[in-house]
K.L.:
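After the structure tokens below, expect a handful of questions from me.
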Amino acid sequence: AARSSLIGVVEAQANEVTALLLLATIDQRLKHLEQALEWLVQARKADRNHVVVGLRLVSFYIAVDKPKQAFSAAQDLEAQYPNNLPGLASLSRVQFALGNRQAAGDILQSMIKLAKDQPRSLQRIALQQLKFGAIDEAEQTLRMALNLDANFIPAQSALIESAMQRRRY
């Protein structure tokens, strides 16, 4: 029912990005991957400046194990928004998926410089470092976040969880 309604919206307004993104999400969950990609491409054509569309396209390609296409989409996004933390994070994820661990780590380091005064962003970067297995770097990034805001519970929790996994308590 929701899908049909959204298709009606897109038929009436072909460039309705929100409806296109929702349709892509629905079709991806239904495993209609070709159709999901078509919705994302249509959304990208409708608004090339919509950062969320670019991020979704990168995430889609990663989810369907197409790292080269993800890399291309991430590079386009990074070129369009060079200091955008979510865009850089997606490029880092793609580099990691391609096996370029050093490049992924370098991107995360540049993100840390950009987010040096943002505890929430630092915590998100640290979580990505943990996913990449860079535990020491993640703990250092979490400490940076806590130096900015000692009461930032998500960073405290992540640091405690990391210590427990490493049996440092």
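The first residue in the sequence is number 1, and the count goes up from there.
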K.L.:
Answer yes or no: is there a donor N or O on one side and an acceptor on the other, between the side chain of T25 and the main chain of L21, under 3.5 Å?
P.N.:
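Such a contact is found between T25 side chain and L21 backbone.
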K.L.:
Does D47 reach the side chain of V53, with side-chain heavy atoms less than 4.5 Å apart?
P.N.:
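D47 does not reach V53 side chain to side chain.
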K.L.:
Between F71 and L91, does a side-chain contact (heavy atoms from CB on, under 4.5 Å) hold up when you go through it step by step?
P.N.:
CA-CA 7 Å; F71 183 68; L91 184 57; 3.9 Å; yes
K.L.:
Taking the side chain as C-beta and beyond, is there a heavy-atom pair between V10 and W39 under 4.5 Å?
P.N.:
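A side-chain contact exists here, since the closest heavy-atom pair is under 4.5 Å.
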K.L.:
Look only at the side chain of S162 and the backbone of A158, and say whether a donor-acceptor pair between them is shorter than 3.5 Å.
P.N.:
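It does not hold such a pair.
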K.L.:
Under 4.5 Å between side-chain heavy atoms, hopping through other hydrophobics if needed: is there a path connecting I125 to L130?
P.N.:
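In one cluster with I125: L130, no.
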K.L.:
With rounding to the nearest 0.5 Å, note down the distance linking OG1 in T18 to CG in L23.
P.N.:
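Rounded to the nearest 0.5 Å, the OG1-CG separation comes to 11.0 Å.
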K.L.:
Return yes if some donor-acceptor pair links the side-chain N/O of Q129 with the main-chain N/O of Q140 below 3.5 Å, else return no.
P.N.:
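Side chain of Q129 to backbone of Q140, a donor-acceptor pair under 3.5 Å: no, none is there.
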K.L.:
Could you see if V64 belongs to whatever hydrophobic cluster contains V41? Use Ile, Leu, Val, Met, Phe, Trp, Tyr and a side-chain cutoff under 4.5 Å.
P.N.:
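Yes, one cluster joins them.
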K.L.:
Within the side chain of Q156, is there an N or O that forms a donor-acceptor pair under 3.5 Å with the backbone of A150?
P.N.:
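Yes: the side chain of Q156 pairs with the backbone of A150.
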K.L.:
If you measure only the distance, is there a donor-acceptor pair under 3.5 Å linking the side chains of D106 and Q102?
P.N.:
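Distance-only check passes for D106 and Q102.
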K.L.:
Do you know which two heavy atoms are closest between A74 and V94, and how far apart they sit?
P.N.:
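Scanning both residues completely, I find the closest heavy atoms to be CB-CG2, 4.2 Å.
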K.L.:
I'd like to check L30 versus Q35 (side-chain heavy atoms, cut-off strictly below 4.5 Å). Are they in contact?
P.N.:
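Sidechains of Q35 and L30: no contact.
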K.L.:
Find out whether R3 and D27 are in side-chain contact, i.e. whether some heavy atom of one side chain is under 4.5 Å from a heavy atom of the other.
P.N.:
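Sidechains of D27 and R3: in contact.
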K.L.:
With clusters defined by side-chain heavy atoms of hydrophobic residues (ILVMFWY) lying less than 4.5 Å apart, directly or transitively, does L57 cluster with F96?
P.N.:
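Unlinked, F96 and L57 end up in two clusters.
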K.L.:
Test E137 against I112 for side-chain contact (heavy atoms from CB on, under 4.5 Å), laying out the working first.
P.N.:
CA-CA 11 Å; E137 293 87 346; I112 290 168; over 6 Å; no
K.L.:
For F152 versus P119, what's the shortest heavy-atom pair and its separation?
P.N.:
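Answer, listing the atom of F152 first, then P119: CE2-O, 3.5 Å.
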K.L.:
Closest heavy-atom contact between L20 and A14?
P.N.:
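L20 and A14 have their closest heavy atoms at CD1-O, 3.7 Å.
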K.L.:
Below 4.5 Å, heavy atoms only, C-beta onward: do V17 and V52 meet side chain to side chain?
P.N.:
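Side-chain contact under 4.5 Å: no.
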K.L.:
Does the R101 side chain pair with the main chain of F132, one donor and one acceptor, at a distance under 3.5 Å?
P.N.:
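Looks like yes, one N/O pair under 3.5 Å.
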K.L.:
Where do V9 and E16 come nearest, in terms of heavy atoms and distance?
P.N.:
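Looking at all heavy atoms of both residues, the closest pair is CG1-CG, 3.7 Å.
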K.L.:
With clusters defined by side-chain heavy atoms of hydrophobic residues (ILVMFWY) lying less than 4.5 Å apart, directly or transitively, does Y61 cluster with L33?
P.N.:
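L33 and Y61: one cluster.
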K.L.:
Could you go through L114 and L88, starting from their C-alpha distance and side-chain angles, then the distance that decides it, and tell me whether this counts as side-chain contact (heavy atoms from CB on, under 4.5 Å)?
P.N.:
CA-CA 11 Å; L114 290 171; L88 288 169; 3.5 Å; yes
K.L.:
For the residue pair A104 and S92, what are the closest heavy atoms and their distance?
P.N.:
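Here A104 and S92 meet closest at O-OG, 3.2 Å.
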K.L.:
Going from CG on L22 to CD1 on I7, what distance comes out if it is rounded to the nearest 0.5 angstrom?
P.N.:
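Separation between the atoms: 12.0 Å.
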K.L.:
Can you tell me how far apart CG (L148) and OG (S121) are? Round to the nearest 0.5 Å.
P.N.:
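Between L148 CG and S121 OG, I get 10.5 Å after rounding to 0.5 Å.
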K.L.:
Roughly how far apart are Q118 CD and M144 CE, rounded to 0.5 Å?
P.N.:
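With rounding to 0.5 Å, CD (Q118) is 11.0 Å from CE (M144).
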K.L.:
Within the 4.5 Å heavy-atom criterion, are D149 and R120 side-chain neighbours or not?
P.N.:
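No, side chains not in contact.
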K.L.:
Do M111 and I107 touch side chain to side chain, with heavy atoms closer than 4.5 Å?
P.N.:
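Touching, per the 4.5 Å side-chain cut-off.
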K.L.:
Minimum heavy-atom separation for L122 and A115, please, with both atom names.
P.N.:
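Closest approach of L122 to A115: CG-O, 3.4 Å.
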K.L.:
Could you tell me whether a side-chain N or O of Q128 sits under 3.5 Å from a main-chain N or O of A89, the two making a donor and an acceptor?
P.N.:
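Here the side-chain-to-backbone pair exists.
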K.L.:
Measure the shortest side-chain to side-chain distance between L77 and N84 over non-hydrogen atoms and say whether it is less than 4.5 angstrom.
P.N.:
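Sidechains of N84 and L77: no contact.
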K.L.:
Kindly compute the distance separating CE (M164) from OG (S157), expressed to the nearest 0.5 Å.
P.N.:
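Taking CE in M164 and OG in S157, the distance rounds to 11.0 Å.
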K.L.:
Can you tell me how far apart CD (E38) and NE2 (H32) are? Round to the nearest 0.5 Å.
P.N.:
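Going from the CD atom of E38 to the NE2 atom of H32 covers 12.5 Å.
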K.L.:
Between the side chain of Y81 and the main-chain N/O of N49, is any donor-acceptor distance below 3.5 Å?
P.N.:
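Looks like yes, one N/O pair under 3.5 Å.
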